[in-house]
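Here the structure is laid out as C-alpha cells; the discussion comes afterwards.
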2 protein chains.
Amino acid sequence: MNVPLRASVKCSECPIRHRAVCARCDEDELALLEKVKCYRSYQAGEVILWRGEDLEFVASLVKGVASLSKTLEDGRTQMVGLLLPSDFIGRPGRERIDFDVTATTDVTLCCFERRPFERIVHETPNVAKRLMELALDELDSARDWMLLLGRKTAREKIATFIEMLVRRSTVTDFNGVQHDLSLPMTRDQIANYLGLTLETVSRQFNALKKEGIISFSDRRRFEVRDIAALHDATGDDADGGLID
Amino acid sequence: MNVPLRASVKCSECPIRHRAVCARCDEDELALLEKVKCYRSYQAGEVILWRGEDLEFVASLVKGVASLSKTLEDGRTQMVGLLLPSDFIGRPGRERIDFDVTATTDVTLCCFERRPFERIVHETPNVAKRLMELALDELDSARDWMLLLGRKTAREKIATFIEMLVRRSTVTDFNGVQHDLSLPMTRDQIANYLGLTLETVSRQFNALKKEGIISFSDRRRFEVRDIAALHDATGDDADGGLID
DNA sequence: AACAAAAGTTGACCCAGATCAAGGTACATC
DNA sequence: GATGTACCTTGATCTGGGTCAACTTTTGTT
C-alpha cells in the first residue's frame, strides 16, 4: 500500500537511526525530521517510483530491499542499484529520477515531503553531510559493479554477489559466522542485477553447489561452506572488491 | 611532470570557472581557494594517482582527459570513470581512492592540498553544495554506464560512446553542428571503457563507417554523417540515455 | 485435494564477441 | 629515408553465455 501513515515508530527507536540520513543528527535536528516524516509500505513487486515522475517525497529505506533499474528501448533491463535498509531515495536539488524504483521484497519507507526536506537539508549541515556520504558510498559501489558488469565471468559475478550478501548480513546482524543466509530476490532479479540470464544464474549457483562451496536448504536459503574458495571465485584480489 | 606550479592563471579567467567545484563561489570565496591552489601537469599515459595511495591533494581537471580504472587479480581492467574538464578528483572525508587515476591525454590539474581544502568545504556551503552536485552527476553517468556494460551489444556500446562525445563537445564548444570531432583515446582505451576488446572496437567503428553513419579523416578525427541513424544504433529510447 | 501459476532446473544448440595470428600504417628518431 | 615502435585492421577460429524448449518443484487458490 502506498498510503502514507503517520509515524508510528519514534526516531530514537528506529532500527536505522545510526546509518540513515539522520545518522549524524542530534535530538533537536531529529525532532525537525520527525515532524515531517511518515511511513509508507509497498508489497514485493510494487513500483515505488517511475522514471521521470515528479518526486513528491524522498525517503529512507527502513525495512526490506528495493532496486533501481533502467530499461532499453526493446525492453532489456539492467539493475543499477540495490537499496538496503538505511539507504536513501531521492537527492537534494533533483526533482526527477532517471530510473524506476521497485520493491524487491516487502518494503517500508520513512518518507519526507521533498520541499520541507530540502529546507531542512539547507539548514542542517549534519543532514547535508550525511547525504554526501551516502552518495559517495553509492558511487563506490556503482564502480565495483561496473567492474563486475564489464569484465567478470558469470561464475565470478555469482561468487561476488554471494560474497556481498555475506558481508552485508555481517554488518547488519553482527554474527561472526553466517550460516543460513537468504537471497533477497528471485533468480530472474539476480540475473538482472548481474547482467546475466536467469538460466545462467541457475547453472552457476548449481555449479558452486556441486563444488561444495555453498549449499541450499531451500531456493532462497543457503549457507557458505568454503568462504576462501568463494573469494577465489570472485576474481578480486585479496584486499579489493566490494567495500560497503 | 607532477611538480606543483604556483598558480599562473587567475581564477576569474579560468576556463572551468563556471562548471568546476568553484562554480557557485563569489569573489571572496574564490580568493580563499586561489590562495591554496597550484597547477600540476601530466603527460598522456602518466598515472596521476594510484589506488590505495594517500590523497595529499584533491583537484579540478582543467585541461585534457583522465580516466579512473579498476583491475582484477589477473590483470583484466575496466574503466569506471572518465574525467573531462571541470570534473573533480577526490572527495571530502575520503583520504584514499579505490581506483587508479591516469592521464589519458596531456592533463592540467588545479590542485588543492587536502586538509586546507576540507576546511574550506566545511566553511563554504557553496563549495559543499557544488561538490554534491558533481557527485550526483557522476552517479547518474555511472548508472547509464552500468546499463551499457550490462546489456548493450558491441554496436550499441560504440554508438553510445560516439553519441556521448558529440553531446559533450556540443556542451563544451557551443557549435550547433559537429563535424570533425576527435576521439580522446586509443582503441585499446575505448575497449577498456566499454567492456570490449580492441579488435571488436575496431570492427564496430569500421562497420559504422561502411554504413555511412560516421566517417574518419584520420585515426582520431571523425565526423557524424547521420545523427539519427547513430541514435538508433545506441538502443536508447528517444528521451533516455546519457544525460550529462 | 486439485488445479493453476510462478519460480527454478536442465539440455541442446547457436552466435556475438573473445582470442589468436598476421599484416598494415603513421609517426618519431637517428 | 631507414628503422623502430605504437597503434590499428582484418581474417580465422573458438567459446561462454544466450536462446529456445521441455520439464520439475513450490506456492497459492478454490
Side-chain angles (χ1 to χ4, degrees), chain A residues 43-46 72 74-78 102 104-106 148-162 182-211 214-222 233 235, chain B residues 43-46 72 74-78 102-106 148-161 182-211 214-222 233 235:
Chain A
Q43 290 182 289
E46 237 183 304
L72 291 173
D74 64 1
R76 280 170 288 168
T77 76
Q78 174 64 55
T102 310
T104 302
T105 63
D106 291 353
L148 176 146
L149 291 173
R151 296 297 178 197
K152 289 193 176 181
T153 63
R155 180 186 170 86
E156 288 168 343
K157 286 175 175 182
I158 294 289
T160 305
F161 175 68
I162 296 173
S182 98
L183 300 175
M185 32 172 132
T186 65
R187 303 288 186 271
D188 192 30
Q189 290 167 324
I190 295 168
N192 222 310
Y193 182 91
L194 300 174
L196 297 169
T197 58
L198 68 99
E199 292 94 332
T200 301
V201 170
S202 177
R203 282 187 248 267
Q204 295 297 337
F205 269 134
N206 289 326
L208 293 177
K209 194 174 78 183
K210 254 175 221 152
E211 293 172 42
I214 56 174
S215 64
F216 283 87
S217 50
D218 71 30
R219 282 176 178 183
R220 289 294 186 98
R221 315 223 114 244
F222 68 98
Chain B
Q43 290 183 290
E46 239 183 302
L72 291 173
D74 63 1
R76 281 171 287 169
T77 76
Q78 174 65 54
T102 310
T104 302
T105 63
D106 291 352
L148 176 146
L149 292 172
R151 296 296 178 197
K152 289 193 177 182
T153 63
R155 180 186 170 85
E156 289 168 341
K157 286 176 174 180
I158 294 290
T160 306
F161 175 67
S182 99
L183 300 174
M185 32 172 131
T186 65
R187 303 288 185 273
D188 194 30
Q189 290 167 324
I190 295 168
N192 221 309
Y193 181 91
L194 299 175
L196 298 169
T197 58
L198 68 101
E199 293 93 333
T200 301
V201 170
S202 177
R203 282 188 247 267
Q204 295 297 335
F205 270 135
N206 289 326
L208 293 177
K209 194 174 78 182
K210 252 176 223 151
E211 294 173 40
I214 56 173
S215 64
F216 282 87
S217 50
D218 72 30
R219 281 174 177 184
R220 289 294 185 98
R221 314 222 113 244
F222 69 96

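The figures that follow rest on heavy atoms only: side chains count, while hydrogens, waters and symmetry mates do not. Within every chain, numbering begins at 1; the chains are lettered A, B, ... in the order of the sequence lines, protein sequences first and strands thereafter.
Separating the CZ atom of B:Arg220 from the C1' atom of C:dT25 is a distance of 15 Å, rounded to the nearest angstrom. D:dT9 atom P lies 11 Å from atom NZ of B:Lys210, rounded to whole Å. A straight line from CG of A:Asp188 to C1' of C:dA5 spans 15 Å, rounded to a whole angstrom. Remark: P of D:dC7 and CE of B:Met185 are 14 Å apart, rounded to the nearest angstrom. Between the CZ atom of A:Phe205 and the C1' atom of C:dT9 there is a distance of 13 Å, given to the nearest Å. To the nearest angstrom, P of C:dA7 lies 18 Å from CG of A:Asn206. The interatomic distance linking B:Leu198 (CG) with D:dT9 (P) rounds to 9 Å, in whole Å. Here C:dA26 presents its P atom at 16 Å from CZ of B:Arg221, a figure rounded to the nearest Å.
For A:Glu156, the salt bridge (Lys or Arg N to Asp or Glu O under 4.0 Å) partners are B:Arg76, not counting sequence neighbours. In this structure B:Ser217 satisfies the side chain to side chain contact (heavy atoms under 4.5 Å, CB included) test together with B:Asp180, B:Arg221, sequence neighbours excluded. Partners of B:Asp218 according to the salt bridge (Lys or Arg N to Asp or Glu O under 4.0 Å) rule, which considers only residues two or more places apart in sequence or in another chain, do not exist here. Under the side chain to side chain contact (heavy atoms under 4.5 Å, CB included) criterion, B:Thr186 pairs with B:Asp188, B:Gln189, B:Arg220, sequence neighbours left out.
None of B:Thr197, B:Leu196, B:Val201 except one satisfies the side chain to side chain contact (heavy atoms under 4.5 Å, CB included) rule with B:Glu199; the exception is B:Thr197. Remark: of the listed residues A:Asn206, A:Leu198, A:Thr200, A:Asn206 is the sole one forming a side chain to side chain contact (heavy atoms under 4.5 Å, CB included) with A:Ser202.
Side-chain N or O atoms of A:Asp106 include one that pairs as donor or acceptor with a backbone N or O of A:Ala44 at under 3.5 Å.
Taking the centre of each ring, A:Phe216 and A:Phe205 come in below the 6.0 Å mark.
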Protein proximity profile, nucleotides 12-30 of chain D - base contact B, sugar-phosphate-only contact S, no contact -, cut-off 4.0 Å on heavy atoms: B----SSBB----B-----

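Across all non-hydrogen atoms, the minimal contact from A:Leu149 to A:Lys157 is O-NZ, 4.0 Å.
Taking side-chain N and O atoms only, B:Arg187 has a distance below 4.0 Å to OP1 or OP2 of D:dC8.
The C1' atoms of five pairs define one axis at each end of the helix from C:dA1-D:dT30 to C:dC30-D:dG1, and these two axes lie 40° apart (to 10°).
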